[in-house]
Amino acid sequence: MKKNFKRRDFIKKAGVAAAAATAVSSFPAPAIAADRIEVNCVATWGRGYPGLGTGGEAVSQRISDLSDGRIVVNHYAGGERVGPLDVFTEVSSGNAQMYNSADYYWVGQHPGWGFFAAVPFGLIATEINGWIRHGGGQELWDELADGFGLKNFMAGNSGVQMGGWFNKEINSADDFKGLKMRMPGLGGQMVTKLGASVVGMPGGQIYENLVNGTIDACEWVGPWNDERSRFYEAAKYYYWPGMHEPGTLITLGCNKSWLTSLSKTDQMIIEHAATVQNEMMLTEYNANNGAALQRLITDHGVELKEFNDDVIDAMGEASEELYAELAEGNELTGRILNSFLKARSDIGDLSLIHISEPTRPLYISYAVFCL
């Protein structure tokens, strides 16, 4: 904000020195225009979509507000400028300056991206905050992002997710065999090991594909978003817990060359706008998920089901196998994994999260209306 104050002082002094209205009117407009920064931010989610979409819009608006309108962010929702899953390439290439998305969509670019969104049997929101800020996570994220010309910030979290929507009951791990399921990131690779056929698609395409039978099951976020997406019209069974995404981090990704060309003040404005939204989004999800789940059950007749121990154990074994493969396949991914596992042990012990012994208390709030 220091730079803004100097600018106001300059304008005020210019007016006083002229001592006449005519002198003020002659103040050169290009000097003001030259201080204006226009930014294009491309997002994965639809405009006005609760939490995810509105959260991205809020970050863009907050950047403008914190700069007193000097930084103007043109926010493009998914599909308005590029496709929902094309935002990474758009910003990495420099065609846009920022993206708002979840970084597990880029595991095809590098498997390490998954850890900076959500991974199976991973960290809940408060734990991932601790890892990123104080456990070496940000430094590893920076190293990964630097290889793609990016600098990324935490900009939201949707919290604990649900296990997904299914057209049949899941009573054993064998029930995943042959199942066509929408699930991104390393969670998708986990259920692939159980025999599922994973289909990738952005959130806006899930409902149609679930209705017409292109997919048999899907996971999205949680009750608040899932109700809005009307998945209850297409699938009967709603499973919990969402071991694939215990707390999903949302990212504000910036083109690094562009970001570092800005003043330190402007860089801090962008980072602080993302930091505020990181907290605001999580509280919004926490405030809305419970009531939405109650409506799904009472108003829409959804059958809430819990994955049994056999299914969760099979998921845990598949995840361990996946992590072992990742550690062997890429040096940077191995270092990210080791740091993540240490954080899960050091930070996650408080929440009793373990890869082989997942616990229910973290998820019980979603099921309270069934008791």
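Note that these values count all heavy atoms, side chains included, but never hydrogens, waters or copies made by symmetry. Keep in mind the model is a prediction, meaning the values are calculated, not measured.
For residues 197-216, no pair satisfies salt bridge (Lys or Arg N to Asp or Glu O under 4.0 Å), with sequence neighbours left out.
Between the CG atom of Leu282 and the CG atom of Asn157 there is a distance of 5.5 Å, given to the nearest 0.5 Å. The CG atom of Leu337 sits 12.0 Å away from atom CD of Glu325, with the distance rounded to the nearest 0.5 Å. If you take CG on Leu144 and CD1 on Ile336, they are separated by 5.0 Å, rounding to the nearest 0.5 Å. The distance from the CG atom of Leu341 to the CZ atom of Phe121 is 13.5 Å, given to the nearest 0.5 Å. Atom CG of Leu179 and atom CD1 of Ile170 lie 5.5 Å apart (nearest 0.5 Å). For the atom pair Asn74 CG and Glu38 CD, the distance stands at 4.5 Å (nearest 0.5 Å).
Across all non-hydrogen atoms, the minimal contact from Cys41 to Leu252 is SG-CD1, 4.3 Å. Nearest approach of Gln277 to Ala155, heavy atoms of both residues: CG-O, 3.4 Å. Residues Gln189 and Leu322 approach most closely at OE1-CD1, 3.3 Å, considering heavy atoms. Listed here is the closest heavy atom pair of Met183 and Val191: SD-CG1, 3.9 Å. Of all heavy-atom pairs between Met281 and Gly51, the closest is CE-O, 3.2 Å. Of all the heavy atoms in Trp131 and Ile347, the pair that sits closest is N-CD1, 3.7 Å.
Side-chain polar atoms of Asn152 and Tyr99 form a donor-acceptor pair below 3.5 angstrom. Of the N and O atoms on the side chains of Tyr232 and Asp226, not one donor lies less than 3.5 Å from an acceptor on the other residue. Residues Arg228 and Tyr49 bring no donor and acceptor atom of their side chains to less than 3.5 Å of each other.
Residues Val211 and Trp220 are members of one and the same hydrophobic cluster, defined by side-chain heavy-atom contacts under 4.5 angstrom among Ile, Leu, Val, Met, Phe, Trp and Tyr. Linking Ile, Leu, Val, Met, Phe, Trp and Tyr residues whenever their side-chain heavy atoms come within less than 4.5 Å leaves Phe153 and Val276 in two separate clusters. Taken together through direct or relayed side-chain contacts under 4.5 Å among Ile, Leu, Val, Met, Phe, Trp and Tyr, Leu332 and Ile132 form part of one hydrophobic cluster. Linking ILVMFWY side-chain heavy atoms closer than 4.5 Å, directly or via other members, places Val160 and Met280 in two distinct hydrophobic clusters.
Ionic pairing of Lys342 and Asp346 is present here: one or more N-O contacts between side-chain nitrogen and carboxylate oxygen are shorter than 4.0 angstrom.
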List the steps and the verdict of ring-ring contact (aromatic ring centres under 6.0 Å, His included) for Trp113 and Phe88.
CA-CA 11 Å; Trp113 285 114; Phe88 177 91; 5.5 Å; yes
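The shortest side-chain heavy-atom distance between Met181 and Ile215 does not fall under the 4.5 Å cut-off. Under the 4.5 Å side-chain criterion, counting only non-hydrogen atoms from C-beta, Ser172 is in contact with Asp175. Within the 4.5 Å cutoff, the side chain of Glu245 has heavy atoms near those of the Pro184 side chain. Considering only heavy atoms from C-beta on, Val82 stays 4.5 Å or farther from Thr89 through its side chain.
Screening Phe340, Phe148, Phe116 for a ring-ring contact (aromatic ring centres under 6.0 Å, His included) with Trp141, the sole residue that qualifies is Phe116.
Between Tyr239 and Phe307, the distance separating the two ring centers is shorter than 6.0 angstrom.
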